[in-house]
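Taking it in order: structure first as structure tokens, then the write-up.
Numbering of residues begins at 1 and proceeds along the displayed sequence. Worth knowing before you read on, the calculation uses all heavy atoms, side chains too, and leaves out hydrogens, waters and symmetry mates.
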Amino acid sequence: MDALIPFTTSGSLVDLVDKKVLVVLRDGRKLIGVFRSYDQFANFLLESCIERIHYKFEYADKDIGVLLVRGENVVALGEIDLIAEDMVPLKEVSWNEVEEKINAENKRRERDHAIKDKVLGQIGFVNEGREGDAY
């Protein structure tokens, strides 16, 4: 049966049905849920879905429930090893706490980029290429 399903099509998703998966979307969000169904366009349904954010060794989850994911927005999709998942040395904290730390880090990064761009602009380099989709 496997020989009849080309790997390059959405048929390669058949092995993930009813398994716990991690999905990385184009906008950077990470979703974890049970892969239930998919179609020929690689759109798929996640059940018991959560959104997870990380900051260093801390993480927070937001319950989503059932989610239909459009296939063109997926960057990566993979099965989660249920045994190894319990051994990951991460500490669960509140969503707001992680979000505040991420926002502070982003502000620091933007400030550093502005300083770098100013210095590079003074010596003739052009500040381009940060706009648009990362993928």
Side-chain angles (χ1 to χ4, degrees):
M1 176 70 184
D2 287 336
L4 300 176
I5 303 173
F7 182 75
T8 57
T9 69
S10 64
S12 62
L13 299 174
V14 72
D15 294 333
L16 294 175
V17 173
D18 294 332
K19 298 207 174 134
K20 190 172 183 181
V21 296
L22 170 67
V23 181
V24 180
L25 300 179
R26 285 177 31 172
D27 64 1
R29 286 185 290 171
K30 294 161 193 73
L31 305 172
I32 297 174
V34 179
F35 191 90
R36 286 295 180 204
S37 182
Y38 65 95
D39 65 10
Q40 71 271 23
F41 304 109
N43 302 318
F44 55 89
L45 189 71
L46 288 180
E47 186 178 76
S48 304
C49 183
I50 59 168
E51 179 180 353
R52 179 167 286 179
I53 57 175
H54 297 88
Y55 181 77
K56 297 188 179 180
F57 289 104
E58 298 176 339
Y59 75 95
D61 293 337
K62 184 190 321 181
D63 188 34
I64 296 174
V66 177
L67 182 68
L68 179 64
V69 179
R70 190 171 169 101
E72 68 181 18
N73 292 322
V74 177
V75 173
L77 170 68
E79 183 180 355
I80 294 177
D81 184 342
L82 299 176
I83 296 170
E85 179 184 25
D86 294 333
M87 295 186 280
V88 177
L90 297 177
K91 179 179 139 191
E92 186 170 8
V93 296
S94 75
W95 183 272
N96 291 336
E97 190 176 334
V98 176
E99 208 168 38
E100 287 173 9
K101 290 178 180 181
I102 290 171
N103 290 338
E105 177 73 16
N106 288 341
K107 285 180 185 176
R108 184 198 59 77
R109 190 174 291 129
E110 285 177 24
R111 186 191 70 233
D112 291 351
H113 278 300
I115 293 168
K116 182 176 100 176
D117 291 343
K118 183 178 177 184
V119 170
L120 290 174
Q122 291 172 348
I123 58 174
F125 287 93
V126 178
N127 178 20
E128 290 181 356
R130 263 199 229 120
E131 57 281 328
D133 196 2
Y135 299 100

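- Evaluated for a side-chain contact (heavy atoms from CB on, under 4.5 Å) with Leu77, the options Leu25, Val24, Leu13 yield exactly one hit, Leu13.
- Placement of Val23 and Ile80 in two distinct hydrophobic clusters is found when ILVMFWY residues are connected by side-chain heavy-atom separations under 4.5 Å, directly or transitively.
- In this structure the side chain of Arg36 reaches within 4.5 angstrom of the side chain of Asp18, judged on heavy atoms.
- There is a path of hydrophobic side-chain contacts, each under 4.5 Å, that joins Ile53 to Val93.
- The two atoms that bring Ala60 and Trp95 nearest to each other are CB-CA, 3.5 Å, heavy atoms only.
- Residues Leu46 and Cys49 approach most closely at CD1-SG, 3.9 Å, considering heavy atoms.
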I'd like to know whether Ile50 forms a side chain to side chain contact (heavy atoms under 4.5 Å, CB included) with Leu31, so could you lay out the CA-CA distance, the side-chain angles of the two residues, the decisive distance to 0.1 Å, and finally the verdict. CA-CA 6 Å; Ile50 59 168; Leu31 305 172; over 6 Å; no

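- Between the side chain of Asn43 and the main chain of Gly71, a donor-acceptor pair closer than 3.5 Å is present.
- Between Glu110 and Lys107 no salt bridge is recorded (no basic side-chain N to carboxylate O distance below 4.0 Å).
- In summary, Lys101 and Glu105 do not engage in a salt bridge, as defined by a charged side-chain N under 4.0 Å from a carboxylate O.
- Ile64 and Val66 fall into different hydrophobic clusters, where Ile, Leu, Val, Met, Phe, Trp and Tyr are joined by side-chain heavy atoms under 4.5 Å apart, directly or via other members.
- Counting heavy atoms from C-beta on, the side chains of Glu92 and Tyr59 come closer than 4.5 Å.
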Verdict with reasoning, Val74 to Phe44, per side chain to side chain contact (heavy atoms under 4.5 Å, CB included): CA-CA 10 Å; Val74 177; Phe44 55 89; 3.6 Å; yes

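- Across all their heavy atoms, Val98 and His54 have their closest contact at CG1-C, 4.0 Å.
- For the atom pair Leu120 CG and His113 NE2, the distance stands at 11.0 Å (nearest 0.5 Å).
- The neighbour count for Ile83 CD1, taken as heavy atoms of other residues, nucleotides or ligands under 6.0 Å away, does not exceed 12.
- Closest approach of Asp27 and Arg29 over heavy atoms only: OD2-NE, 2.8 Å.
- In the hydrophobic cluster analysis, where Ile, Leu, Val, Met, Phe, Trp and Tyr join through side-chain heavy atoms closer than 4.5 angstrom, Leu67 is grouped apart from Ile32.
- Grouping the Ile, Leu, Val, Met, Phe, Trp and Tyr side chains by contacts below 4.5 angstrom, directly or via other members, places Val34 apart from Leu22.
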Pair Tyr38, Val14 - check side chain to side chain contact (heavy atoms under 4.5 Å, CB included), show working. CA-CA 8 Å; Tyr38 65 95; Val14 72; 3.4 Å; yes

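- A distance-only check finds a donor-acceptor pair linking the side chain of Lys30 to the backbone of Gly28 [under 3.5 Å].
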With side chain to side chain contact (heavy atoms under 4.5 Å, CB included) as the criterion, how do Lys116 and Phe125 come out once you've worked through the C-alpha distance, each side chain's angles and the decisive distance to 0.1 Å? CA-CA 11 Å; Lys116 182 176 100 176; Phe125 287 93; over 6 Å; no

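- We find the CD-CG distance between Glu99 and Asn103 to be 6.0 Å, quoted to the nearest 0.5 Å.
- Residues Arg26 and Glu72 approach most closely at CD-O, 3.4 Å, considering heavy atoms.
- Between Glu100 and Tyr55, the closest side-chain pair of non-hydrogen atoms is not below 4.5 Å.
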